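Predicted model only: the values in this text are computed from it and were never measured.
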Amino acid sequence: MKRAAFALCLALLVQASVVAQAAFDFETERQKVLELLADEHTDIGREFAKATIYSDARFHFGRAVVLVREFDKAMKAQGYEKKDGRWVLNAKDALPQKDGLSGDKLTAERERLGKKRDAAYKRLADKIRAAARRARDAQAAEDALALESFLNYYTPDDAEARKARGHVKIGEEWGPSFAKTARETGARHLQEAGEGEKVAEEDPQGKVIGARLWVRKGTHTVARAVESDERAARLHRVLEGIILLSRDTLKIEGPVFNGRQFTGTVVQRQEHYLAMVEKLSGKTGSDLELARKLAGSSQKDPWGFFCRESGWPSGDDMLGNTVAINVLYSCRGGGSEPWINTGFSYLMTGRLLGTTNTVRYTVKEEGQTAVGGGAEEPDLKKKSEGPQKLRALALFQAQTRTDASLRSLAVLDLNSLNMEHAAKAFSFFEFLFEKHPDKARQWLKLRPGQKVAEIANLEKALGLGVDELDNQWRRWVLTTY
């Protein structure tokens, strides 16, 4: 009798749990949250517009129309009206391009309105928490985490919310615990990498550009720097560290670069960079013209890459990025598609150096995948720094479902990649190596395919359809970032 009563109670509890879960409609709650956020950003934007701080107003209106596609209030606040189902800008109602305030007045008014904005963000955070509580009350814990992902933006230093997501401090910023572990692994590889053997003889190419080239030489790489031997030693450690980390990540052994040595060179002055482009790059025609405008270029003799840097991190990142792509080339026996090179190389520099600021380019024009600088707001149209900002961009795309699908990424050429694409690619590689590491390695050891053929490779290795991988990635980002 007691056993029967226990079984009945258990059945009722299970039934109650199922009913509770069914009672929580994530899609409806998500849409409510998005509309609350869009509405508040529109109101904040109006306040800035009234104060003639149009740049800030545009940011908030812009965020509103991404949170809720073509959010009616925000579109109208920018001077648009709907005609025949399309939004049309009325020139007379458009926001002026230039702020109406400047100097101390702009600073004071921005500070005043900033306090009102912060109070509004606090109200929004309370509403987000309330939605998450409803999810937890319905025993929908994952849905609660997904809703709480919005707190990252509106209360970024909420330690309780961060810890609930499994976040820890990575330097001064909060981030997923796996990211801290990965960064520590990268730092260890950097420490283990050698500084190379100092070459006493002067490099003859130094005379060609009118500067001394300090040289450090190792098994896989040669590092050259105009600044000092110390700079060359640091660069060699970075290049060898990237090789160690890339090989460890991919689980590959044996020679890289088909037994060749990669030569990485950093200079600081524009005249030295231009001399290398014009006398040593081997480029002609439009390739030469483009190389003159950029900060980095490939070199055939010796095989490698050189760049101009304003400070150490930029050169380390650009050359480390290039080496990671070439290790991947060695692993696959051929070149990968741009989104794959971007995702993998940013993963490597992000873990080894904590940077992701390489500007990509082809012989036609610069790409826009770099993150460097530092915007206070994670505005998709501005540049920001480091892997944590790429995660913020990826999270915003997952929250609003504005990310490019993997099918879309697969057909993009290098010139078509932008920062949103770079964030998705980087984040997708983080997802793969956290959730499907062995299958990710299996995929990256397959002979590269072109465009959609690479998607077939991915599906084959992962054993999942690409649409399901997109869905899994979004859910992982929402519950992890």
**Request:** Considering only NZ, NE, NH1 and NH2 on the basic side and carboxylate oxygens on the acidic side, decide whether Arg475 and Glu142 come within less than 4.0 Å.
**Result:** yes
**Charged N-O contact under 4.0 Å between Asp137 and Arg133** = no
**Message:** Looking at Trp473, I'd like to know if the NZ or CZ of Lys424 sits under 6.0 Å from its six-membered ring centre while staying within 45 degrees of the ring's axis.
**Reply:** yes
**Request:** With the side chain counted from C-beta on, respond yes when Phe426 and Pro387 share a heavy-atom pair under 4.5 Å apart, and no when they do not.
**Result:** yes
**Request:** Report yes or no: is the cationic atom of Arg110 (NZ for Lys, CZ for Arg) under 6.0 Å from the centre of the six-membered ring of Phe48, at an angle within 45° of the ring normal?
**Result:** no
**Prompt:** Taking the six-membered ring of Tyr346, is the NZ or CZ of Arg351 close enough (under 6.0 Å from the centre) and on axis enough (within 45°)?
**Reply:** no
**Message:** Do the side chains of Asp43 and Arg46 get close enough for a salt bridge, i.e. N-O under 4.0 angstrom?
**Reply:** yes
**Prompt:** Are the side chains of Arg308 and Gln270 in touch, meaning some heavy atoms are under 4.5 Å apart?
**Reply:** yes
**Request:** For Tyr154, check ring-ring contact (aromatic ring centres under 6.0 Å, His included) against everything at least two apart and list the hits.
**Result:** His41, Tyr121
**Request:** Would you mind checking if Arg58 and Asp99 are paired as a salt bridge, meaning a charged N to carboxylate O distance below 4.0 Å?
**Result:** no
**Message:** Other residues, nucleotides and ligands only: do more than 12 of their heavy atoms fall within 6.0 Å of NZ on Lys445?
**Reply:** yes
**Item:** 4.5 Å side-chain heavy-atom contact, Phe150 and Leu37
**Value:** yes
**Prompt:** Is the shortest heavy-atom distance from the side chain of Phe396 to the side chain of Thr400 under 4.5 Å?
**Reply:** yes
**Request:** Answer yes or no: is there an ion pair linking Arg407 with Asp467, defined by an N-O contact shorter than 4.0 Å?
**Result:** yes
**side chain to side chain donor-acceptor pair (under 3.5 Å) against Asp413, all qualifying residues, sequence neighbours excluded** = Ser416
**Request:** Show your working on ring pair (Phe, Tyr, Trp, His ring centres under 6.0 Å) between Trp443 and Phe344 and close with a plain yes or no.
**Result:** CA-CA 12 Å; Trp443 169 47; Phe344 179 75; 9.8 Å; no
**Request:** For Arg332 and Glu454, run salt bridge (charged side-chain N to carboxylate O under 4.0 Å, His left out): C-alpha distance rounded to whole Å, both residues' side-chain angles, the deciding distance at 0.1 Å, then the answer.
**Result:** CA-CA 12 Å; Arg332 308 194 77 189; Glu454 191 61 76; 2.9 Å; yes
**Prompt:** If you measure from the Lys or Arg side-chain nitrogens to the Asp or Glu carboxylate oxygens, is any gap between Glu430 and Lys435 under 4.0 Å?
**Reply:** no
**Complete:** Contacts satisfying side-chain hydrogen bond (donor to acceptor under 3.5 Å, both in side chains) that involve residues 26-39 (not counting sequence neighbours) are Asp25-Thr28, Glu27-Arg401, Glu29-Arg134, Gln31-Glu35, Asp39-Lys73
**Message:** Looking at Ser345, is its backbone amide N or carbonyl O close enough to the side chain of Thr349 to form a donor-acceptor pair, meaning the two atoms are under 3.5 Å apart?
**Reply:** yes
**Item:** Test item: side-chain donor near acceptor, Ser310 and Gln268, under 3.5 Å
**Value:** no
**Prompt:** Are any side-chain N or O atoms of Asn418 and backbone N or O atoms of Glu420, one a donor and one an acceptor, separated by less than 3.5 Å?
**Reply:** yes
**Complete:** For Phe428, the ring-ring contact (aromatic ring centres under 6.0 Å, His included) test, sequence neighbours excluded, returns Phe431
**Prompt:** What do you reckon, are the aromatic ring centroids of Trp476 and Phe178 less than 6.0 Å apart?
**Reply:** yes
**Asked** Any luck finding a side-chain donor-acceptor pair between Ser405 and Ser408 under 3.5 Å?
**Response** yes
**Request:** Indicate yes or no: at least one non-hydrogen side-chain atom of Cys307 is less than 4.5 angstrom from one of Leu319.
**Result:** yes
**Asked** Between Tyr273 and Phe306, does the ring centre distance come in under 6.0 Å?
**Response** yes
**Prompt:** Salt-bridged, Glu40 to Arg63, with N to O below 4.0 Å?
**Reply:** no
**Prompt:** ring-ring contact (aromatic ring centres under 6.0 Å, His included) with Phe26: which residues, sequence neighbours excluded?
**Reply:** none
**Request:** Give every residue pair that meets the salt bridge (Lys or Arg N to Asp or Glu O under 4.0 Å) criterion with at least one member in residues 156-172, sequence neighbours excluded.
**Result:** Arg129-Asp158
